[in-house]
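Below is one structure; the comments refer to it alone.
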Amino acid sequence: MTGSHLGYSHNPAVLWLAADRLAQPLGEWRPFDPPTALQRHFPADLSSELTW
């Protein structure tokens with residue numbers, strides 16, 4: 001997920017992600033799989049590219 005910290009509450013992709021996570025039944029965790037039409041808003045894990 002890309003964006004600024006304050007902008008997350010106005011980002012439709014973030015709202016989609018939060019709704020998807022909250023809609024899961026208790027005890028039935030599954031990885032997030034964005035719909036094909038929205039995949040460009042959910043880039044692959046970029047944490048390996050971060051330099052601190």
Side-chain angles (χ1 to χ4, degrees):
M1 181 66 46
T2 57
S4 70
H5 187 93
L6 294 175
Y8 283 154
S9 63
H10 302 286
N11 185 331
V14 172
L15 299 177
W16 183 280
L17 178 95
D20 179 81
R21 301 291 81 198
L22 291 171
Q24 290 185 62
L26 287 176
E28 295 184 27
W29 184 89
R30 67 187 190 295
F32 178 67
D33 185 24
T36 304
L38 296 177
Q39 284 182 352
R40 67 185 180 108
H41 297 290
F42 301 96
D45 182 14
L46 303 175
S47 61
S48 61
E49 297 179 19
L50 295 177
T51 57
W52 301 96

Taking all atoms of both residues into account, what is the closest heavy-atom pair of Arg21 and Trp29, and its distance? NH1-NE1, 3.8 Å
Heavy atoms only: give me the nearest Phe42-Pro34 pair and the separation to one decimal. CD1-CB, 3.5 Å
Take atom CZ of Arg40 as the centre, draw a 6.0 Å sphere, and report whether it contains more than 12 heavy atoms from other residues, nucleotides or ligands. no
Pairwise distance CG(Asp20) to CZ(Phe32) - rounded to 0.5 angstrom: 5.0 Å
Indicate, with yes or no, if Leu38 and Leu15 share a hydrophobic cluster defined by side-chain heavy-atom contacts under 4.5 Å among Ile, Leu, Val, Met, Phe, Trp and Tyr. no
